[in-house]
Number of protein chains: 2
Amino acid sequence: MLYLSMELAEAKQKFIEAWGKLGSEWGINRTMAQVHALLLISPEALTTEEIMDTLSISRGNANMTLRDLIGWGLVEKQHRAGERKEYFFADKDTWNVAKQVAKERRKRELDPVIKILDELSNVKGDGQDPEYLTFHKSVTDINKLAKNVDKTLDTMIKAEESWFWGSIVKMFR
Amino acid sequence: MLYLSMELAEAKQKFIEAWGKLGSEWGINRTMAQVHALLLISPEALTTEEIMDTLSISRGNANMTLRDLIGWGLVEKQHRAGERKEYFFADKDTWNVAKQVAKERRKRELDPVIKILDELSNVKGDGQDPEYLTFHKSVTDINKLAKNVDKTLDTMIKAEESWFWGSIVKMFR
DNA sequence: TTAAACTTTCAGTAATTATTGAAAGTTTAA
DNA sequence: TTAAACTTTCAATAATTACTGAAAGTTTAA
């Protein structure tokens, strides 16, 4: 084997590991992040078997993980004329990936919390009671922050890539 | 018991649960998020015993969780004249809390990944090889995005609260 | 010093989360 | 139809992560 391809193989391995670790630190199943990483660096769509073999995971795991990735809008199924097998392909556009992840996590995790915070902000109590006052202040403050984050993500999701790269810079002048 | 205080007790419970759930979805230990939530809505500093009792957790768990929260810069130990007991108090300023969490996660998780991405961006390969080209493009794109996020967090961490609330709005004009 | 009042540690265990693999299900082509 | 080629499901199990509780450690006051 050539040295260059050795290096590339090692680098790919390292990327898959790093992506898996980052995912698990942020509440995303390690295997799911690794399958995503593998597809991100694969020029061609891969079959379930190729993914199973490369990552040493079972058929069941591969199948469910791929279904999840499709549910997150990060991967698509492809079919080839005259072939039964299914192929899986990841969107390689990093900006799309970021937007998609932001969109899903907002919907799945942030929005439900904002709903609860709205309810809790409306709980009435004795304006003299420090227990009530502290509760109320923390809840309303967190609610405001969460809504700001929500609005920011919403704008980001709708925005074009060029906006993002330009706007970050402007933001800090 | 009065109806109003019943409502408050329920609301507190709900807040602690919601915060714990959000934490665990984002890779933060559920108990740690719950202890933090409890301290956030407590006007006075609490003892280990009070926390143990309120959340039904063991002494060992409470002790280690509080140590972690202190390590995250979210909670401080307090002492009272003539008392052996230690009291724990959470910073109630939501903006500080957000900055602190951003700061720690950036240091613990984002920076190490950027280091790896820098290495992987420098892996050389055959410019004709689609395997190499796809790997290289994904890695460098993700690296750029990660560095942008890093820079944004850095600015946010150094910024004042007023900047945040004002700037978000300006950002979207 | 002693001992009471407290905090810390960590081996053992419980709870949670992820994975396997084989059986059931589906599709296609002959 | 049949059966080969494939995908999906899910109960059982493994791996990981979190928690307990009792013993060891520390501090303070008498």
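These numbers come from the heavy atoms of this one structure, side chains and all, not from hydrogens, waters or symmetry mates. The structure presented is a predicted model; accordingly, all values stated were derived computationally and were not measured. We name chains A, B, ... by the order of the sequence lines, and we start the count at 1 in each one.
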**Student:** State whether A/Asn63 places a side-chain N or O below 4.0 Å from either non-bridging phosphate oxygen (OP1 or OP2) of C/dT19.
**Tutor:** no

**Student:** Counting side-chain heavy atoms from CB outward, which of D/dC19, D/dC6, C/dC6 is closest to A/Lys85?
**Tutor:**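 So the nucleotide nearest the side chain must be D/dC6.
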
**Student:** What nucleotide, of C/dC6, D/dT7, C/dA18, holds the atom closest to the side chain of A/Thr48?
**Tutor:** D/dT7

**Student:** Would you kindly give the CD-to-P distance between B/Glu86 and D/dT28, to the nearest whole Å?
**Tutor:**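 Distance, rounded to whole Å: 10 Å.
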
**Student:** Could you check how far CD1 of B/Ile28 sits from P of C/dT16, rounded to whole Å?
**Tutor:**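 One finds 19 Å between P of C/dT16 and CD1 of B/Ile28, rounded.
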
**Student:** From C-beta outward on B/Arg59, which listed nucleotide comes closest to its side chain: C/dT20, C/dT8, D/dT7?
**Tutor:**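 For the B/Arg59 side chain, the nearest candidate turns out to be C/dT8.
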
**Student:** For A/Leu55 and C/dT20, give me the distance from atom CG to atom C1', rounded to whole Å.
**Tutor:**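 Roughly 15 Å, once rounded to whole Å.
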
**Student:** Could you give me the CA-CA distance, side-chain angles and deciding distance for B/Trp26 and A/Glu25, then say whether side chain to side chain contact (heavy atoms under 4.5 Å, CB included) is met?
**Tutor:** CA-CA 8 Å; B/Trp26 287 82; A/Glu25 285 166 343; over 6 Å; no

**Student:** Would you classify B/Thr65 as touching base, sugar-phosphate or nothing, given that sugar-phosphate means primed atoms plus P, OP1 and OP2, and contacts are heavy atoms under 4.0 Å?
**Tutor:** nothing

**Student:** So, is the end of the A/Arg30 side chain (NZ or CZ) under 6.0 Å from the ring centre of A/Trp19 and within 45° of the ring's axis?
**Tutor:** no

**Student:** Using the rule side-chain contact (heavy atoms from CB on, under 4.5 Å), only one of B/Ile28, B/Thr65, B/Leu69 pairs with B/His36; which is it?
**Tutor:** B/Leu69

**Student:** Given atom CD of A/Glu83 and atom P of C/dA29, what is their separation to the nearest angstrom?
**Tutor:**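 After rounding, the gap between these two atoms is 12 Å.
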
**Student:** Quick one: B/Lys21 NZ to C/dT17 C1', roughly how many Å, whole number?
**Tutor:**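 Result: 16 Å.
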
**Student:** Starting from P on D/dA14, measure out to CZ on A/Arg30 and report it in whole angstrom.
**Tutor:**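 For the pair A/Arg30 CZ and D/dA14 P, the rounded distance is 18 Å.
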
